[in-house]
Structure formats: C-alpha cells, structure tokens
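Have a look at the structure below, then the notes.
Every heavy atom of this structure was used, including side-chain atoms; hydrogens, water molecules and symmetry mates were not. Quick note: residue numbers are just sequence positions, from 1.
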Amino acid sequence: MAHPSAPGHRFYELQSLLRAYTHAGYAFTDTPSAPGPALEGYVRVVSRFPERGVRVLHELDDLLSVGLLSSEIADDVALLPRVRPTGGRSIEESLRIAREHIRAAVRNPEQRAGQAPRMDWEWEEFFPSLSQLLGGYFHQDFPDTYSSHREALDDYLRGTPDEELRRVLGEIPQALDAAGDEAGLVRASVALGMAVDPPDGVTLRQWLINVAGVIRLHLRNTASD
C-alpha cells in the first residue's frame with residue numbers, strides 16, 4: 001500500500017483510509033452494523049496507531065463540514081482515491097458510516113489489540129520501517145545493485161538515521177511474532193517489499209534475527225563513538 005502524501009496535505013490520513021478501499025474493489029462495502037474488509041483492515045491499523053484514528057476523524061469531520069464538492073477543498077479532494085458508494089448511498093453517507101466505525105475503534109482500541117495484519121497492504125502500514133528496509137534494499141533489482149545481503153544491509157545502515165534504526169529494531173520481533181510460522185513470514189516479507197531469498201543456508205526468520213543483531217551492534221558502536 002503506497003504511503004499517503006506527506007503530512008501537510010489537508011487530507012493525508014483520509015487518503016490512507018481510502019487507499020485501503022483500492023485493495024478491495026474501490027467500493028465502500030461498509031454498513032452501519034459492520035465494516036467491510038477494507039475498513040476492517042484500516043481499523044486494525046488504527047488500533048495499532050490510535051493517533052492515526054484521531055487524525056482521520058478530524059479530517060473526515062473537516063471534509064464533511066465543508067462539503068465534498070466545495071471549491072475550497074477541490075484541489076485537496078482531487079488527490080484522494082476515487083471510491084464508489086454502494087447500497088444506494090452517497091459518498092458522504094459512506095464516509096459517515098466509516099467515521100462511526102473508526103470512532104468506535106478509537107474509543108475501544110483494546111477490542112482489536114494484538115491483531116495481526118490479514119491483508120497484504122496492512123503489513124506495510126503495521127511495519128513501515130521494516131518495509132523501508134526490505135522493500136528499499138532487498139527489492140527485485142537487488143542482484144544488480146549489491147553483491148551480498150550484507151553489502152545491502154551496510155548501505156542501509158550508512159544512510160539511515162539512528163532513530164529510524166531503533167524503530168526497525170522494534171518492528172522486527174513484532175513482525176516475526178505476527179507472521180506466525182515460516183510460510184506466514186515468507187508471505188509477510190513479500191508484502192513488505194522483499195523480493196529476494198535470504199542468504200543460502202539461513203531461514204528467513206533467522207536472517208531477520210541476524211539483521212536485528214547487526215543493527216543493534218551498529219547502534220551500540222555509534223553511541224560509543
């Protein structure tokens with residue numbers, strides 16, 4: 001799932017919400033009694049990052065109060081994915097239904113606490129720093145760019161701030177736990193952008209544990225410099 005525009009765009013978190021629907025047929029399938037698959041996935045993300053839920057509620061209130069067709073927000077609305085309403089509802093009615101489900105999730109985050117991603121796009125949303133590592137350095141052009149996994153990892157370490165390294169260090173064990181078995185981890189790694197196998201003779205799980213160890217050592221060494 002592509003990241004929304006950088007903060008500063010008036011509806012950047014709403015853009016992220018609507019992108020969820022692009023992975024589920026570009027349609028609002030939610031009802032007042034239950035979220036559809038796209039919104040259910042987004043709500044899992046919000047349960048992990050409640051601040052994003054607060055932000056999207058603010059943006060939904062902003063958009064609905066001004067009016068979807070208002071010239072005041074026309075340029076901002078033009079940046080949003082097009083999602084079609086269903087069930088005879090308007091887009092505004094569909095957004096209000098989504099807003100109520102999100103509001104309920106923000107009020108009761110423990111309802112979905114600890115839930116793992118279920119759809120591929122959720123993995124990047126759950127683990128953005130790990131996605132940057134795997135998708136940014138172990139992509140399909142890896143063989144043309146690096147001679148080894150360690151060379152790619154060293155390149156990542158040189159170009160990544162310590163704060164981001166600490167984030168990915170926290171995400172690795174969480175992703176390993178969320179993925180479950182090795183087959184689940186392989187699917188998760190692909191969803192996170194990894195397009196190459198781990199080094200010969202090493203399982204993906206062990207390789208990621210090793211990567212965490214290298215990052216941890218790097219942070220220790222830079223802290224002592």
Side-chain angles (χ1 to χ4, degrees), residues 1-4 6-7 16 19-20 23 40-53 109-110 112-225:
M1 183 179 181
H3 285 299
S16 184
R19 284 184 190 277
H23 295 271
E40 183 66 39
Y42 181 79
V43 165
R44 280 191 290 272
V45 174
V46 165
S47 296
R48 179 171 167 82
F49 302 107
E51 69 279 4
R52 292 182 59 178
E110 66 280 356
R112 293 177 176 81
Q115 287 190 0
R118 296 183 187 175
M119 291 181 280
D120 285 352
W121 65 264
E122 292 178 57
W123 285 95
E124 183 181 352
E125 296 293 316
F126 266 62
F127 306 110
S129 296
L130 183 55
S131 177
Q132 179 59 38
L133 166 58
L134 298 182
Y137 293 83
F138 299 94
H139 44 68
Q140 61 185 6
D141 295 326
F142 168 87
D144 300 323
T145 308
Y146 302 108
S147 61
S148 68
H149 291 70
R150 183 55 191 258
E151 183 184 357
L153 183 55
D154 286 342
D155 190 23
Y156 168 75
L157 293 172
R158 283 192 297 271
T160 305
D162 287 357
E163 182 179 357
E164 176 68 6
L165 293 177
R166 283 189 284 271
R167 279 194 289 266
V168 79
L169 197 58
E171 288 182 7
I172 288 175
Q174 294 172 357
L176 292 175
D177 183 59
D181 60 16
E182 192 71 13
L185 184 57
V186 170
R187 289 192 296 272
S189 70
V190 172
L192 287 165
M194 188 170 181
V196 298
D197 292 332
D200 291 342
V202 181
T203 66
L204 179 57
R205 183 174 298 273
Q206 186 57 57
W207 177 69
L208 285 169
I209 291 171
N210 293 346
V211 166
V214 172
I215 294 172
R216 192 175 295 109
L217 180 60
H218 174 84
L219 286 171
R220 190 179 303 131
N221 290 339
T222 55
S224 62
D225 287 346

Supply the atom-to-atom distance [X] [atom1] to [Y] [atom2], rounded to the nearest 0.5 angstrom.
X: Tyr156; Y: Phe138; atom1: OH; atom2: CZ; answer: 10.0 Å
X: Asp120; Y: His23; atom1: CG; atom2: NE2; answer: 9.0 Å
X: Leu176; Y: Leu130; atom1: CG; atom2: CG; answer: 8.5 Å
X: Leu153; Y: Ile215; atom1: CG; atom2: CD1; answer: 6.0 Å

Would Gln132 and Val168 count as a side-chain contact (heavy atoms from CB on, under 4.5 Å) here? Give the steps. CA-CA 9 Å; Gln132 179 59 38; Val168 79; over 6 Å; no
Kindly indicate whether the side chain of Met119, heavy atoms from C-beta on, has any atom under 4.5 Å from the side chain of Glu125.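 Met119 does not reach Glu125 side chain to side chain.
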What do the steps show when you test Leu208 against Leu134 for side-chain contact (heavy atoms from CB on, under 4.5 Å), and what is the final call? CA-CA 10 Å; Leu208 285 169; Leu134 298 182; 4.3 Å; yes
Closest approach of [X] to [Y] (non-hydrogen atoms, all atoms of both residues):
X: Ala152; Y: Tyr137; answer: O-CD2, 3.7 Å
X: Ser47; Y: Arg112; answer: OG-CB, 3.5 Å
X: Ala179; Y: Ala188; answer: CB-CB, 4.2 Å
X: Phe126; Y: Phe49; answer: O-CZ, 3.6 Å

Take Glu40 and Arg118, measure what salt bridge (charged side-chain N to carboxylate O under 4.0 Å, His left out) needs, and give me the verdict at the end. CA-CA 10 Å; Glu40 183 66 39; Arg118 296 183 187 175; 5.4 Å; no
Contacts of type side-chain contact (heavy atoms from CB on, under 4.5 Å), residue Ser147, not counting sequence neighbours: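 Expected list: Glu151.
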Can you list the steps and then say if Leu165 with Thr222 is a side-chain contact (heavy atoms from CB on, under 4.5 Å)? CA-CA 12 Å; Leu165 293 177; Thr222 55; over 6 Å; no
Tell me, which pairs form a side chain to side chain donor-acceptor pair (under 3.5 Å) where one or both residues lie in residues 171-189, sequence neighbours left out?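 Checked against side chain to side chain donor-acceptor pair (under 3.5 Å) - neighbours excluded - the pairs reaching residues 171-189 are Arg48-Gln174.
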Under the rule for salt bridge (charged side-chain N to carboxylate O under 4.0 Å, His left out), what residues qualify as partners of [X], not counting sequence neighbours?
X: Arg166; result: none
X: Asp162; result: none
X: Glu163; result: Arg167

Please lay out, stage by stage, how Asp154 and Arg150 fare under the test salt bridge (charged side-chain N to carboxylate O under 4.0 Å, His left out). CA-CA 6 Å; Asp154 286 342; Arg150 183 55 191 258; 2.8 Å; yes
Indicate the ring-plane relationship of His149 and Phe142, choosing parallel, tilted or perpendicular according to the 30° and 60° boundaries. tilted
Got a donor-acceptor contact below 3.5 angstrom from the Ser131 side chain to the Phe127 backbone? no
Do side-chain atoms of Thr160 reach the backbone of Leu157 as a donor and acceptor pair under 3.5 angstrom?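 Not at all, since once roles are kept as given, no pair shorter than 3.5 Å links the two residues.
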If you look only at distance, which donor and acceptor atoms sit under 3.5 Å apart when one is on a side chain in residues 195-204 and the other is two or more places apart or in another chain?
residue	atom	partner	partner atom	Å
Thr203	OG1	Gln206	N	3.1

